*Asks:* 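Below is a structure I'd like to ask you about.
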Amino acid sequence: MVATSAPTPPEGRPGVTYAEIAAHYDLAPRYVAENTRWGRHPGWPAAVAKRGRSAEFDAASVHAFVQQHHTRQAPGLDPARLYTATEIATHTGLSPATIYADISRNRWPAPDQELNGARLWYGSTVTDVLARRRSYGR
């Protein structure tokens with residue numbers, strides 16, 4: 001979802017439409033236009049022009065908004081240390097329930113070790129998993 005560059009407006013146009021923004025960030029146009037975390041957010045950039053019925057937004061401003069509101073910084077986990085799901089949740093902002101749900105849906109790897117019934121993952125494993133999650137900027 002989180003692209004490393006701003007969407008590019010068509011040649012000769014001052015901005016990008018919701019549809020172009022959605023395509024750039026791999027989202028549905030209606031989601032971008034109507035969701036309160038995106039186009040209806042108070043911090044969303046103001047339209048700079050119109051293209052037919054579509055509002056156009058400055059591409060750099062849209063990208064700055066996305067970087068500020070939809071990009072999580074990767075946690076600084078020690079790659080050689082083992083972490084429990086609760087510790088991972090503390091460091092990442094995910095809830096332990098999200099981690100366990102991801103495990104049950106095969107979106108999280110098997111534990112690197114199990115000790116007295118506790119599932120443990122190395123920090124390097126967690127960092128790799130989080131890098132593939134949408135909100136951590138794939």
Side-chain angles (χ1 to χ4, degrees):
M1 171 185 58
V2 179
T4 58
S5 63
T8 306
E11 191 169 327
R13 296 304 312 172
V16 289
T17 64
Y18 284 125
E20 292 159 349
I21 294 165
H24 186 74
Y25 293 106
D26 195 26
L27 297 167
R30 187 172 178 180
Y31 180 80
V32 173
E34 297 179 9
N35 190 286
T36 56
R37 293 184 58 222
W38 283 83
R40 299 284 184 242
H41 188 279
W44 185 257
V48 296
K50 295 271 292 176
R51 189 182 323 158
R53 292 185 190 180
S54 300
E56 289 185 321
F57 304 92
D58 177 63
S61 297
V62 169
H63 188 64
F65 173 87
V66 171
Q67 292 301 309
Q68 181 181 0
H69 294 280
H70 296 286
T71 302
R72 290 184 184 168
Q73 296 300 316
L77 299 175
D78 179 359
R81 180 174 173 239
L82 288 165
Y83 293 88
T84 65
T86 304
E87 291 172 325
I88 294 167
T90 301
H91 288 288
T92 63
L94 297 173
S95 73
T98 299
I99 295 168
Y100 292 127
D102 283 355
I103 292 168
S104 71
R105 293 180 177 101
N106 294 320
R107 294 186 300 217
W108 196 273
D112 293 316
Q113 286 186 18
E114 288 197 33
L115 183 63
N116 298 329
R119 296 182 262 186
L120 304 168
W121 293 267
Y122 284 108
S124 59
T125 303
V126 174
T127 302
D128 291 343
V129 170
L130 294 178
R132 291 191 307 266
R133 286 182 68 90
R134 294 188 107 206
S135 57
Y136 276 91
R138 38 175 189 164

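None of the values given here were measured: they were computed from a predicted structure.
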*Asks:* Can you list the steps and then say if L94 with D102 is a side-chain contact (heavy atoms from CB on, under 4.5 Å)?
*Replies:* CA-CA 11 Å; L94 297 173; D102 283 355; 5.6 Å; no
*Asks:* Any heavy-atom pair between the side chains of P79 and T127 that's under 4.5 Å?
*Replies:*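 They are not in contact (no side-chain heavy atoms under 4.5 Å apart), so the answer is no.
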*Asks:* Are W38 and Y18 an aromatic pair by the rule of ring centers under 6.0 Å?
*Replies:*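 No, the ring centres sit 6.0 Å or more apart.
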*Asks:* For the pair E20 (side chain) and T17 (backbone), establish whether a donor and an acceptor sit closer than 3.5 Å, ignoring hydrogens and angles.
*Replies:*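 Answer holds: yes.
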*Asks:* Measure the shortest side-chain to side-chain distance between F65 and D58 over non-hydrogen atoms and say whether it is less than 4.5 angstrom.
*Replies:*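 No, too far: nothing below the 4.5 Å cut-off.
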*Asks:* Using a strict threshold of under 4.0 Å (side-chain N to carboxylate O), is an ion pair present between E114 and R119?
*Replies:*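 Not counted as a salt bridge, because no side-chain N and carboxylate O are separated by less than 4.0 Å.
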*Asks:* Return the minimal non-hydrogen interatomic distance between P14 and A49, and the atom names on each side.
*Replies:*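 That would be CG-CB, 3.6 Å.
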*Asks:* Could you tell me whether a side-chain N or O of H63 sits under 3.5 Å from a main-chain N or O of S5, the two making a donor and an acceptor?
*Replies:*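 Between the backbone of S5 and the side chain of H63 there is a qualifying donor-acceptor contact (under 3.5 Å).
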*Asks:* For T84 and L120, run side-chain contact (heavy atoms from CB on, under 4.5 Å): C-alpha distance rounded to whole Å, both residues' side-chain angles, the deciding distance at 0.1 Å, then the answer.
*Replies:* CA-CA 5 Å; T84 65; L120 304 168; 3.4 Å; yes
*Asks:* Any side-chain heavy atom of L130 within less than 4.5 Å of one from T92?
*Replies:*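 Yes, their side chains come closer than 4.5 Å.
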*Asks:* For A101 versus S104, what's the shortest heavy-atom pair and its separation?
*Replies:*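 Closest approach of A101 to S104: O-OG, 2.8 Å.
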*Asks:* Verify the cluster assignment for V129 and I88: are they in a single hydrophobic cluster under the rule of side-chain heavy atoms below 4.5 Å apart?
*Replies:*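 Yes, V129 and I88 fall within the same hydrophobic cluster.
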*Asks:* Answer yes when K50 and E56 have at least one side-chain N-carboxylate O distance shorter than 4.0 Å, and no when they do not.
*Replies:*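 Looking at E56 together with K50, the answer is no, because their closest N to O distance does not fall below 4.0 Å.
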*Asks:* Working to the nearest 0.5 Å, report the span between CG of L82 and CG of L77.
*Replies:*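 Going from the CG atom of L82 to the CG atom of L77 covers 11.5 Å.
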*Asks:* Do P45 and V62 make a side-chain contact, defined as non-hydrogen atoms from C-beta onward lying under 4.5 Å apart?
*Replies:*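 Yes; the side chains approach each other to less than 4.5 Å.
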*Asks:* Grouping I, L, V, M, F, W and Y whenever their side-chain heavy atoms are under 4.5 Å apart, do L27 and V66 come out in a common cluster?
*Replies:*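 Yes, L27 and V66 fall within the same hydrophobic cluster.
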*Asks:* Yes or no on ring-ring contact (aromatic ring centres under 6.0 Å, His included) for W108 and Y100, after CA distance, side-chain angles and deciding distance?
*Replies:* CA-CA 8 Å; W108 196 273; Y100 292 127; 9.5 Å; no
*Asks:* Check A55 against A47 and note the closest heavy-atom contact, atom names and distance.
*Replies:*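 It is CB-CB, 4.0 Å.
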*Asks:* Would you say W44 ends up clustered with V48 if hydrophobic residues are merged whenever their side chains have heavy atoms under 4.5 Å apart, either directly or through other cluster members?
*Replies:*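 Unlinked, V48 and W44 end up in two clusters.
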*Asks:* Does a side chain donor of either T98 or S95 reach within less than 3.5 Å of an acceptor in the other side chain?
*Replies:*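 Their side chains do contain a donor-acceptor pair, which is all the 3.5 Å distance test asks for.
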*Asks:* Within the structure provided, determine whether Y83 and Y122 are in side-chain contact (heavy-atom separation under 4.5 Å).
*Replies:*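 With C-beta onward as the side chain, the pair stays apart.
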*Asks:* Within the side chain of R51, is there an N or O that forms a donor-acceptor pair under 3.5 Å with the backbone of G15?
*Replies:*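 Side chain of R51 to backbone of G15, a donor-acceptor pair under 3.5 Å: yes, one is there.
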*Asks:* Can you see which heavy atom on W121 is nearest to which on A85, and at what distance?
*Replies:*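 Heavy-atom minimum between the residues: CZ3-N, 4.0 Å.
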*Asks:* Identify the heavy atoms of H91 and R81 that sit nearest to each other, and give their distance.
*Replies:*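 Nearest heavy atoms, H91 then R81: NE2-NH1, 4.4 Å.
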*Asks:* Take a 6.0 Å sphere around CZ of R107 and say whether it holds more than 12 heavy atoms from other residues, nucleotides or ligands.
*Replies:*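 Counting neighbours around CZ of R107, more than 12 heavy atoms of other residues, nucleotides or ligands fall under 6.0 Å, so yes.
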